[in-house]
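The block underneath contains the structure these notes are about, expressed in structure tokens.
Every number for a ligand or one of its atoms is a count from 1 in the order of the listing. This structure is a prediction, so every number in the text was calculated from the model and none was measured.
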Amino acid sequence: MESIHNNINDVLNTTPIAVAYSSISSGHIEYINEAFTNLFGYRLEDLSDIKSWYVNATPEKDHYHNVIGPFIDNTNLSSARDIKSNLICKDGSIKHVNIYISKLNDKKIWYFTDFTDHWVAEERLRARSNMLEMVAKSSALKDILSTIVNQIEQENTQSICSILLFDKEQGCLRVGSAPNLPNFYNEAIDGVQAGPKVGSCGAAAYSKKRVIVADIASHENWQPFAQLAKEAGIAACWSDPILSSTGELLGTFAIYKRYPSTPSEKDFDLINFASRLASIAIESFRAKEELEQRAYFDFLTGLSNRGHFFDKGEEIFKSTAIEKTPLAIIMLDIDDFKKINDIYGHKTGDQVLKKLADISEQILSKRDIAARIGGEEFAFLLAHQDIDHVLSIAEQLRHHIEKSMVLSSENERVFFTVSIGVASKGKDTHYCTLGELLNKADKALYQSKKTGKNKVSHEVYTNTPSLF
Ligand SMILES: Nc1nc2c(ncn2[C@@H]2O[C@H](COP(=O)(O)OP(=O)(O)OP(=O)(O)O)[C@@H](O)[C@H]2O)c(=O)[nH]1
């Protein structure tokens with residue numbers, strides 16, 4: 001009998017499936033095989049009865065009550081197949097398993113097959129396609145990065161993750177997404193410089209190499225931040241540089257731990273996946289932004305181009321069509337621009353165009369639409385502002401431009417002026433198209449040119465029905 005028992009134990013210990021059996025009457029776990037210990041980390045002496053183990057090991061309490069509980073509490077329910085469950089292991093990690101239950105005399109036999117690797121692969125595929133979909137739908141970069149952080153934290157539930165973005169101009173790191181680190185910590189880290197001994201992320205950004213700090217409290221890189229880290233409840237930080245496909249630094253991806261710890265092979269695999277995914281997200285987002293910039297904005301001045309001005313303008317005209325909203329267009333044309341080009345060269349002419357755009361951006365508000373609609377022709381659309389205010393803005397523009405100058409390639413001071421035409425919608429005008437208002441502004445501009453240049457003229461658009 002003894003030898004049969006030993007043989008069964010040998011058989012069970014060589015099977016790759018985790019097996020346990022418990023007494024139906026007492027619920028006591030009487031046996032677990034080696035695969036069970038390998039899967040969940042428990043030895044037989046760590047476990048008492050099946051119910052307490054299962055309740056503690058199930059992160060979702062409803063799952064125990066609705067799915068597994070009946071098989072434990074009801075001794076008549078004898079078998080079940082293919083129950084999908086997430087179980088917390090002794091080290092706190094989570095395994096995704098399929099459970100089979102059978103009954104043999106007074107024993108309930110439990111079989112657990114591990115599909116965690118399959119689950120991880122599917123989740124990662126889903127994360128990748130979610131992220132690309134968000135880029136295609138023009139979601140904000142912060143939201144895209146948060147999706148990645150949440151995905152990694154879901155895969156490794158004992159991790160807190162952060163993505164910092166590298167600010168090339170300032171040589172510092174900005175918080176891209178770290179939704180589960182305390183705000184005071186993120187605020188303190190935002191703007192940290194990249195440097196050889198700056199925590200884990202600053203050092204990873206500086207060296208473009210992975211930096212593993214297993215124990216923040218005793219690591220020299222963390223000395224200035226040790227108290228901050230303690231208050232935030234973090235004890236280890238593993239940081240990976242996020243590099244573009246050409247090797248340019250885009251930011252850092254970091255995994256924080258609540259206890260001092262070094263990464264396992266699986267952790268390294270997760271870090272590789274996360275920084276690669278973040279790299280694709282940031283690069284795709286920036287490529288899309290650049291395409292949009294090229295499609296909608298003038299390459300020389302950075303203002304909207306003609307197409308974007310009309311698209312945005314039509315939107316505003318439609319939304320304000322029924323209301324008696326004041327609408328005005330300021331049209332502006334450089335005086336004798338051909339002469340500037342002829343005397344000082346095309347490059348100086350370009351400097352003049354840029355200077356004019358800079359001045360416009362300083363004087364106009366962010367709500368206004370400022371565009372370069374032709375070679376040396378600009379148009380600004382101002383909504384919800386009364387005409388006296390619009391005329392004073394036009395005058396400010398004229399005045400500032402008259403006082404400004406650019407330096408030619410020979411270091412000569414080049415002054416220039418503009419002629420301006422303003423068109424506004426009459427008070428009783430209910431309907432007016434962008435094209436109609438633009439024609440009026442053009443007419444006013446022609447008036448300024450004809451009567452001596454460097455001046456502002458104004459035309460009002462009315463379509464009051466005629467009495468006859
Ligand atoms: N430097 C530079 N010049 C440009 C650009 N686009 C158009 N121009 C020049 O702008 C000049 C416009 O000349 P005109 O239409 O005769 O107008 P103007 O000399 O400003 O004369 P008025 O409008 O009557 O004051 C031409 O010489 C164009 O070559 C550009 O992108 N850069």
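At the shortest separation from atom 3 (N) of ligand 1 among protein heavy atoms lies Asn341 ND2, 2.9 Å. From the protein, the heavy atom lying nearest to atom 22 (P) of ligand 1 is Lys449 NZ, 3.4 Å. Distance from atom 20 (O) of ligand 1 to its nearest protein heavy atom, with residue and atom name: Phe337 N, 2.8 Å. Here the heavy atom of the protein found nearest to atom 5 (C) of ligand 1 is Arg372 NH2, 3.9 Å. With hydrogens left out, the protein atom closest to atom 32 (N) of ligand 1 is Asp350 OD1, 2.8 Å, a heavy atom. Closest to atom 6 (N) of ligand 1 among all protein heavy atoms lies Gly375 CA, 3.4 Å. Distance from atom 17 (O) of ligand 1 to its nearest protein heavy atom, with residue and atom name: Glu376 OE1, 3.8 Å. Here the protein heavy atom with the shortest distance to atom 25 (O) of ligand 1 is Asp336 N, 2.8 Å.
For the 3.5 Å distance criterion, the side chains of Thr147 and Asn150 fail to qualify, holding no donor opposite an acceptor. A donor atom on one side chain and an acceptor atom on the other are not found under 3.5 Å apart for Asp333 and Ser419. There is no side-chain donor-acceptor pair under 3.5 Å between Trp238 and Ser261.
Note on ligand 1: Lys453 sits in its first shell, one or more heavy atoms being nearer than 4.0 Å. Assignment of Lys450 to the shell around ligand 1 is not supported, since no heavy atom sits closer than 4.0 Å.
Inside a 4.0 Å radius of atom 14 (P) of ligand 1 there is not any protein heavy atom.
Contact annotation for Asp333 and ligand 1: only side-chain heavy atoms (C-beta onward) come within less than 4.0 Å of the ligand.
Between the side chain of Gln158 and the backbone N or O of Lys257 there is no donor-acceptor pair closer than 3.5 Å. Looking at Lys443, its side chain never comes within 3.5 Å of a backbone N or O of Ala423 through a donor-acceptor pair.
The aromatic rings of Tyr256 and Tyr185 lie perpendicular to each other, with more than 60° between the two planes, well past the 30° mark. In this pair, Phe380 and Phe378 present their aromatic rings tilted. The plane angle is within the 30 to 60° band.
A 4.5 Å side-chain heavy-atom check between Leu141 and Glu289 finds every atom pair outside the cut-off.
Between Asp335 and ligand 1, no N or O atom pair is found at a separation short of 3.5 Å. At under 3.5 Å, not a single nitrogen or oxygen of Lys339, backbone or side chain, sits near a nitrogen or oxygen of ligand 1.
Atoms of ligand 1 lying under 4.0 Å from any heavy atom of Leu353, numbered from 1 in the order shown and given with element: 30 (C), 31 (O), 32 (N). Short contacts between ligand 1 and Ile334, defined as distances under 4.0 Å to a heavy atom of the residue, involve ligand atoms 20 (O), 23 (O), 25 (O). Counting the atoms of ligand 1 from 1 in the order shown, those under 4.0 Å from a heavy atom of Gly349 are 1 (N).
Geometrically, Lys84 engages Phe115 in a cation-pi contact, judged by NZ or CZ lying under 6.0 Å from the ring centre and within 45° of the ring axis.
Within 6.0 Å of NE2 in His400 there are 12 or fewer heavy atoms belonging to other residues, nucleotides or ligands.
Salt bridge annotation for Arg124-Glu155: present, with a cationic side-chain nitrogen under 4.0 angstrom from a carboxylate oxygen.
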